[in-house]
Amino acid sequence: MTLSDIRLPRELEADGSAAAIRRALSSRTTMIRPGGTQEVPLIAMSASLEQALVRSRSKGQILYGFEAIRERLASEKKGIMNVLEQGSAPYGNRISRLILFSDDGAGRLYRHIEQLLLDHSPRILGCLLDIDSGVLGSLIIGKDRPIKVVLAEHKEAVSELLRAMIAGPAQTDP
């Protein structure tokens, strides 16, 4: 599946922003790692995106740390498989989770992220941010602590972050 074909959250499809988001995600991409198999959007950090990250974190919609993210996704996948086996609910092939990661990770981390994206496709989208883990840590926890990877685990946060990626510079408070 290519970025231009991904199914975004229903909210984005309904409000008409999905096409612009797909174009923006497709306009600047990179391989997660040299020799890797996954191409991901390369996202420039903006004031709008910073504010969306802070808001999502304050609402409890952001999870950070690779192990915590891996465990959460595995648990969700197990639940999805149980529901599918029962045949009681439809499962859509649409983005519902967003992994954002810093540009200063080690090759091993990027291999693990690549595997997560493969294991949880098509419900997860990964994006490489053009910031280092120190800046990401400051945004997420407000402290000088490096954070290399975060997961937007709520559809509201996913939609807000994707919209912020295409928004112009946000206004800051005077």
Side-chain angles (χ1 to χ4, degrees), residues 3 6 8-9 11-12 21 24-77 95-121 123-174:
L3 289 171
I6 60 173
L8 296 172
E11 177 181 338
L12 299 176
I21 292 169
L25 293 174
S26 299
S27 69
R28 189 171 165 213
T29 62
T30 186
M31 297 303 284
I32 288 181
R33 61 185 180 88
T37 61
Q38 292 291 303
E39 188 174 43
V40 295
L42 178 58
I43 305 299
M45 186 53 71
S46 66
S48 297
L49 185 52
E50 287 179 9
Q51 291 172 0
L53 279 166
V54 170
R55 276 192 304 273
S56 296
R57 175 66 177 145
S58 70
K59 293 176 184 177
Q61 299 171 336
I62 297 283
L63 182 65
Y64 61 91
F66 180 79
E67 287 303 318
I69 291 169
R70 184 185 59 75
E71 289 172 13
R72 178 71 50 91
L73 290 172
S75 176
E76 289 176 356
K77 186 172 185 174
I95 300 296
S96 63
R97 302 291 182 266
L98 186 62
I99 289 185
L100 304 173
F101 46 99
S102 67
D103 63 4
D104 62 343
R108 180 177 176 187
L109 173 65
Y110 293 138
R111 278 193 309 275
H112 290 307
I113 291 171
E114 187 172 52
Q115 191 59 52
L116 277 182
L117 295 175
L118 290 169
D119 291 346
H120 298 281
S121 178
R123 70 186 187 101
I124 192 164
L125 174 66
C127 297
L128 177 63
L129 299 175
D130 68 351
I131 61 170
D132 66 40
S133 57
V135 174
L136 187 56
S138 293
L139 288 171
I140 298 301
I141 60 173
K143 297 179 184 174
D144 187 22
R145 179 175 160 220
I147 293 179
K148 295 187 187 294
V149 59
V150 299
L151 174 72
E153 57 178 344
H154 189 279
K155 64 184 175 182
E156 179 184 319
V158 171
S159 294
E160 182 176 6
L161 291 166
L162 288 170
R163 276 192 200 103
M165 289 178 190
I166 65 166
Q171 298 296 320
T172 56
D173 294 331

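Heads up: numbering here begins at 1 and tracks the sequence.
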From [atom1] ([X]) to [atom2] ([Y]), nearest 0.5 Å:
X: Met45; Y: Ile131; atom1: CE; atom2: CD1; value: 3.5 Å
X: Ile124; Y: Ile99; atom1: CD1; atom2: CD1; value: 3.5 Å
X: Ile43; Y: Leu128; atom1: CD1; atom2: CG; value: 8.5 Å
X: Ser56; Y: Leu139; atom1: OG; atom2: CG; value: 11.5 Å
X: Ile95; Y: Leu8; atom1: CD1; atom2: CG; value: 6.5 Å
X: Leu118; Y: Leu116; atom1: CG; atom2: CG; value: 9.0 Å

Enumerate the ring pair (Phe, Tyr, Trp, His ring centres under 6.0 Å) contacts for residues 26-63, please, sequence neighbours excluded, ordered by first and then second residue.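 Sorted result for residues 26-63: empty, none.
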Please list, one pair per line, the donor and acceptor atoms closer than 3.5 Å that link side chains of residues 140-152 to other protein atoms, with sequence neighbours excluded.
from, atom 1, to, atom 2, distance (Å)
Lys148, NZ, Asp104, O, 3.4

If you look at every heavy atom in [X] and [Y], which pair is closest and at what distance?
X: Ile113; Y: Phe66; value: N-CE1, 4.1 Å
X: Ser48; Y: Ala164; value: O-CB, 3.6 Å
X: Leu98; Y: Val158; value: N-CG2, 3.9 Å
X: Glu11; Y: Ser159; value: OE1-OG, 3.7 Å
X: Leu49; Y: Ala44; value: CD2-O, 4.2 Å
X: Ser102; Y: Leu136; value: N-CD2, 4.3 Å

Is any side-chain heavy atom of [X] less than 4.5 Å from a side-chain heavy atom of [Y]?
X: Leu63; Y: Arg57; answer: no
X: Arg97; Y: His154; answer: no
X: Leu125; Y: Leu3; answer: yes
X: Val40; Y: Leu100; answer: no
X: Leu162; Y: Leu12; answer: yes
X: Lys77; Y: His120; answer: yes

Check side-chain contact (heavy atoms from CB on, under 4.5 Å) between Ser27 and all other residues, then give those that pass, not counting sequence neighbours.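 With sequence neighbours excluded, Ser27 shows a side-chain contact (heavy atoms from CB on, under 4.5 Å) to no residue whatsoever.
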Enumerate the residue pairs fulfilling salt bridge (Lys or Arg N to Asp or Glu O under 4.0 Å) with a member in residues 25-48, sequence neighbours excluded, ordered by first and then second residue.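 Residue pairs with at least one partner in residues 25-48: Arg33-Glu114.
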Which pairs, with at least one residue in residues 149-160 and sequence neighbours excluded, count as a salt bridge (Lys or Arg N to Asp or Glu O under 4.0 Å)?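 Passing the test, one end in residues 149-160: Arg55-Glu160, Lys59-Glu156, Arg72-Glu153.
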For Gln115, which residues count as a side chain to side chain donor-acceptor pair (under 3.5 Å) partner, sequence neighbours excluded?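 With neighbours one apart ignored, the set is Asp119.
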Assess the residue pair Met165 and Leu25 against the criterion (side-chain contact (heavy atoms from CB on, under 4.5 Å)); give the C-alpha distance rounded to whole Å, side-chain angles, the decisive distance to 0.1 Å, and a yes or no. CA-CA 8 Å; Met165 289 178 190; Leu25 293 174; 4.0 Å; yes
